[in-house]
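We use all heavy atoms of the structure for the numbers below, so side chains are in, but hydrogens, waters and symmetry mates are not. Each chain gets a letter, A, B and so on, in the order its sequence line appears, and its residues count up from 1.
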Amino acid sequence: MPAITLPDGSIRQFDGAVTGTTIAAAIGPGLAKAALAMEVDGKLRDLSASISQDAKLRFITRRDPEALEMIRHDCAHVLAEAVQALYPGTQVTIGPSIENGFYYDFARNDPFTPDHFAKIEAKMREIIARNDAFLREEWEREDAIRFFTEKGERYKAELIQDLPKSEIISIYKQGAWTDLCRGPHMRGTGDIGTAFKLMKVAGAYWRGDHRNAMLSRIYGTAWRDQKELDAYLLQLEEAEKRDHRKIGKEMGLFHLQDEAVGSVFWHPKGWRLYRTVEAYMRRRLDIAEYQEVKTPQLVDRKLWEASGHWEKFRENMFVARVEDEDEKDRVLALKPMNCPCHVQIFNQGLRSYRELPLRMAEFGACHRYEPSGALHGIMRVRSFVQDDAHIFCAEEQIADETVRFVALLSSIYRDFGFTEFRVKFSDRPARRAGTDAVWDQAEGALKDACRIAGVEYELNPGEGAFYGPKLEFVLRDAIGRDWQCGTLQVDFVLPERLDAEYVAEDGARRRPVMLHRAILGSFERFLGILIEEHAGRFPLWLAPVQVVVATIVDEAAPFARQAAAALQKAGVAVSLDLRNEKINRKVVDHIDQRVPVLAVIGRREAEEGTIVLRRLPGRDQETLKLADAVALLAAEATPPDLRG
RNA sequence: GCUGUUGUAGCUCAGUGGUAGAGCACUCCCUUGGUAAGGGAGAGGUCGAGAGUUCAAUCCUCUCCAACAGCACCA
């Protein structure tokens with residue numbers, strides 16, 4: 001006699017086991033029509049599942065967030081059925097819902113291409129129109145394995161084989177098509193609706209392991225209705241317009257070319273942006289009591305052997321030799337990291353505990369041979385500059401330094417316009433240096449430090465650096481990809497390997513702990529993110545060209561030159577537009593170039609000693625005396641850390 | 001690195017088995033115009049690289065390079 005408690009607190013009694021379908025019908029025809037699935041005591045279930053005991057129940061309708069996920073999951077099933085109907089011999093594997101959609105991985109000799117989409121989508125619409133019910137069955141493990149093996153579905157058979165013994169093997173049928181699936185599903189394929197679209201194909205390794213076969217993955221997106229789908233597609237288009245590669249080209253910030261794959265050619269405007277960020281960082285680091293250093297690019301293999309890089313990191317390093325016969329056995333490598341060089345500076349002379357924590361900073365240019373498929377605009381390159389620093393400290397200083405670091409990073413991110421970022425805690429990787437005891441110590445110290453600093457993080461198992469666990473500070477780009485920017489890593493290994501030590505209060509020699517840390521991560525990546533965050537329309541202090549002085553007639557040119565010179569003297573990044581073009585044209589061009597302020601000078605202004613300021617892309621104008629305009633713009637262009 | 005797609009003028013893109021086209025940008029001329037593209041003329045490309053098929057290849061085939069999407073990688 002189950003008593004069903006509904007979200008409004010009302011209770012309904014039933015004689016014996018009931019299904020969600022029955023309950024919904026008992027409540028009313030509207031709900032019976034709208035209910036797609038249900039949540040029983042917090043667990044999502046098929047509407048057709050039966051309930052035999054007292055339970056709290058909530059129906060899932062199309063408006064609930066769970067419904068969107070189910071639409072996508074069900075859509076993946078329909079995709080799989082469609083594909084197998086059209087392309088016999090294709091094996092199914094897995095097909096989950098993901099953010100904004102779903103995918104399905106297929107095993108097939110000839111991978112799918114976008115040319116297949118139209119046909120597959122049409123078949124999917126057929127299946128949805130048929131509105132077959134999703135029927136759940138629970139099978140014996142051996143039966144299921146036999147069934148899929150006989151069908152030639154060896155990936156499915158393998159999945160079942162590897163399911164934990166406690167797992168119930170559930171099978172879902174839609175019409176004649178059968179799949180292994182945990183569920184739950186909506187009532188039938190018709191509940192999916194028609195607001196879906198196949199988006200792209202990609203290779204994906206079976207079980208995410210590059211040693212396994214590559215499957216053919218089809219991505220799709222699915223929504224409640226056409227309006228939502230259209231909105232999503234529009235949002236994608238808008239996001240593409242923010243792409244830093246596109247904006248970098250349009251604004252003339254940088255370029256990339258084949259002769260220097262993975263390295264950035266910074267153009268004058270891009271480099272000005274870079275320098276603005278660098279100068280800002282330098283001021284922040286000075287105040288935070290970092291000491292800036294500069295260390296060599298090319299370093300002998302011997303140091304990389306000692307640090308462990310030669311063993312753990314060699315395939316990512318650029319190695320250099322010279323032609324000279326006497327020197328031919330000498331192997332140098334371009335530094336992929338700055339840490340070993342910083343230890344060399346630390347190791348000059350005898351250090352005292354009084355010098356700790358010693359914060360050594362470097363805008364260090366690093367080279368790493370990244371896999372070709374990993375390169376991405378200026379966000380993932382082979383040559384980049386880190387805002388790197390290593391804090392040499394005693395173990396008991398780790399927490400305090402972490403607190404200070406997180407505060408510094410947060411303040412800096414805020415100044416750049418990033419108010420939200422995520423933190424991941426990456427612990428010991430499979431390929432690592434140092435004993436388990438040392439890793440226990442390092443991970444424990446970092447966790448304690450996070451607790452004290454009040455940092456909330458998500459776990460990212462096995463992704464730490466080879467020498468220590470790390471915190472990753474993650475920012476998101478325009479199309480929703482996550483990028484690690486800041487990082488804080490606790491390292492007990494390198495000081496040991498490179499024999500760093502200091503004299504403690506009691507006169508004994510001790511090993512310092514090294515905290516590897518970066519805030520921007522790399523200038524290249526951070527600037528890429530920054531461009532996308534602002535869509536190239538930077539706050540004034542960051543804009544590479546802050547003001548353009550544009551003339552209306554040639555005779556205004558002398559005063560325009562004078563105005564530009566005054567702005568330049570006041571520290572404003574200004575450029576002149578004296579072209580033989582109408583002012584309309586100049587306005588359009590500078591809006592395109594994302595110039596924040598246009599200063600217009602015509603005959604009248606030249607005579608009166610004024611300029612007209614227009615904030616692009618807006619239309620409002622204000623007329624000011626030149627001196628006032630200069631003072632105003634100079635104040636506005638002041639970096640946030642230098643404001644009064 | 002793997003799978004798929006793409007590579008034509010500085011940029012964005014069209015196009016064809018018979019050695020290429022548009023718009024914008026660029027150069028020159030006219031125009032001095034008051035806040036979202038003034039007018040005219042001109043110049044510019046071994047169609048990513050190499051090999052093959054063909055009487056003939058930018059187009060078809062193969063290899064390589066690069067970019068893009070995803071996977072894997074990511075200190």
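- Interatomic distance, NE2 of A:His255 versus NZ of A:Lys249, reported as 10.5 Å (0.5 Å rounding).
- Residue A:Asn316 is in base contact, counting any heavy-atom pair closer than 4.0 Å across all strands shown.
- Atom name P, nucleotides B:C62 and B:U5: the rounded distance is 12 Å, in whole Å.
- Residue whose closest nucleotide on RNA chain B sits further toward the 5' end, between A:Ser372 and A:Thr551: A:Ser372.
- A:Pro111 comes within 4.0 angstrom of the backbone, heavy atoms only, and of no base.
- As the counterpart of B:C71, B:G1 is assigned, both hydrogen-bonding distances of the Watson-Crick or G-U wobble pattern falling under 3.5 Å.
- Counting any heavy atom pair closer than 4.0 Å across all strands shown, A:Pro617 reaches a base atom.
- A donor and an acceptor atom never sit less than 3.5 Å apart when one is taken from the side chain of A:Tyr369 and the other from the base of B:G1.
- Using a 4.0 Å heavy-atom distance criterion, A:Val261 is classed as a sugar-phosphate-only contact.
- Straight-line distance from the CZ atom of A:Arg382 to the P atom of B:G1: 8 Å, rounded to whole Å.
- Contact annotation for A:Lys249: backbone-only contact, meaning every heavy-atom pair under 4.0 Å involves sugar-phosphate atoms and none involves a base.
- In the set B:C71, B:A69, B:C74, the nucleotide with an atom closest to the side chain of A:Tyr219 is B:C71.
- With the nearest nucleotide of RNA chain B identified for both A:Arg604 and A:Val201, A:Val201 has the one nearer the 5' end.
- Side-chain atoms of A:Tyr205 lie closest to B:A72 of the nucleotides B:A36, B:G33, B:A72.
- Taking 3.5 Å as the limit, the base of B:U32 and the side chain of A:Asp554 contain a donor-acceptor pair of atoms between them.
- With a cut-off of 3.5 Å on both pairing distances, the Watson-Crick or G-U wobble partner of B:C62 is B:G50.
- Nucleic acid contact class of A:His376 (heavy atoms, under 4.0 Å, all strands): sugar-phosphate only.
- Going from atom CZ of A:Phe102 over to atom C1' of B:G70 covers 15 Å, rounded to whole Å.
- A donor-acceptor contact under 3.5 Å is not formed by the side chain of A:Arg525 with the base of B:C74.
- Residue-level contact check: A:Gly262 touches neither bases nor backbone, having no heavy atom under 4.0 Å from any strand.
- Taking every side-chain heavy atom of A:Pro114 into account, B:G4 is the closest of B:G4, B:C65, B:U35.
- Within 4.0 Å (heavy atoms only), A:Lys312 reaches no atom of the nucleic acid at all.
- Contact of A:Gln257 with B:G48 (side chain to base): no donor-acceptor pair of N or O atoms is detected under 3.5 Å.
- Look at A:Arg619 and you'll find a side-chain N or O under 4.0 angstrom from OP1 or OP2 of B:A36.
- Counting atom types as modelled, A:Asn580 pairs a side-chain N or O with a base atom of B:G33 as donor and acceptor under 3.5 Å.
- Taking the six-membered ring for Trp and the full ring otherwise, the centers of A:Tyr87 and A:His116 sit less than 6.0 Å from each other.
- Two residues are said to be in side-chain contact when any heavy atoms from C-beta on lie closer than 4.5 Å; A:Gln593 and A:Lys269 meet this criterion.
- B:G70 and B:G15 have their P atoms separated by 27 Å, given to the nearest Å.
- Below the 3.5 angstrom threshold, one finds no donor paired with an acceptor across the side chain of A:Arg217 and the base of B:C71.
- Across all strands, A:Gln621 comes closer than 4.0 Å to base atoms (heavy-atom distances).
- Residue A:Glu605 is in base contact, counting any heavy-atom pair closer than 4.0 Å across all strands shown.
- Rounded to whole Å, atom C1' of B:C74 lies 11 Å from atom NZ of A:Lys424.
- Taking the P atom of each, B:C13 and B:C28 are spaced 29 Å apart, rounded to whole Å.
- For the pair A:Met379 CE and B:A69 P, the interatomic distance rounds to 10 Å; values are reported in whole Å.
- Checking B:G18 for Watson-Crick or G-U wobble geometry (two distances, each under 3.5 Å) identifies B:C55 as its partner.
- Between B:A14 and B:C55, the two P atoms lie 33 Å apart (nearest whole Å).
- Here B:C74 is the nucleotide among B:G33, B:A66, B:C74 with the atom lying nearest to any side-chain atom of A:Glu463.
- Nucleic acid contact class of A:Gly468 (heavy atoms, under 4.0 Å, all strands): none.
- For A:Arg585, taking side-chain heavy atoms from C-beta onward, the closest of the listed nucleotides B:G38, B:C74, B:A72 is B:G38.
- Of all nucleotides listed (B:C73, B:C71, B:A37), B:A37 comes nearest to the side chain of A:Val588.
- Taking atom C1' on both nucleotides, B:C59 is separated from B:U8 by 11 Å, rounded to a whole Å.
- Comparing B:U31, B:U5, B:G38 by their closest approach to the side chain of A:Glu581 singles out B:G38.
- Remark: A:Arg245 is in phosphate contact with B:A69, judged by side-chain N or O atoms under 4.0 Å from OP1 or OP2.
- Considering only heavy atoms from C-beta on, A:Trp439 comes within 4.5 Å of A:Pro429 through its side chain.
- Aromatic pair A:Phe106/A:Tyr104: centroids less than 6.0 angstrom apart.
- Comparing B:A9 with B:C26, their C1' atoms sit 11 Å apart, to the nearest whole Å.
- When the side-chain nitrogen and oxygen atoms of A:Arg481 are compared with OP1 and OP2 of B:A69, one or more of them lie within a distance under 4.0 Å.
- As rounded to whole Å, 19 Å separates atom P of B:G10 from atom NZ of A:Lys246.
- Side-chain contact between A:Phe538 and A:Leu530 is present, with at least one heavy-atom pair separated by less than 4.5 Å.
- Here A:Tyr467 lies in heavy-atom contact (under 4.0 Å) with sugar-phosphate atoms only.
- A salt bridge links A:Asp243 with A:Arg245; the closest basic N to acidic carboxylate O contact falls under 4.0 Å.
- A:Gln344 and A:Thr295 share no side-chain donor-acceptor pair at under 3.5 Å.
- Distance check on atom C1': B:G33 versus B:G38 gives 8 Å, rounded to whole Å.
- Between the side chain of A:Lys424 and the backbone N or O of A:Lys470 there is no donor-acceptor pair closer than 3.5 Å.
- The shortest side-chain heavy-atom distance between A:Phe363 and A:Asp387 falls under the 4.5 Å cut-off.
- Spacing between B:G39 and B:A49 at atom C1', rounded to whole Å, works out to 43 Å.
- Between the CG atom of A:Leu375 and the C1' atom of B:C2 there is a distance of 15 Å, given to the nearest Å.
- Taking atom CG on A:Leu198 and atom P on B:U5, their separation rounds to 16 Å, with Å as the unit.
- For the pair A:Ile591 CD1 and B:A36 P, the computed distance is 8 Å after rounding to whole Å.
- For B:U27, the paired nucleotide is B:A41, the pair qualifying as Watson-Crick or G-U wobble because both relevant distances are below 3.5 Å.
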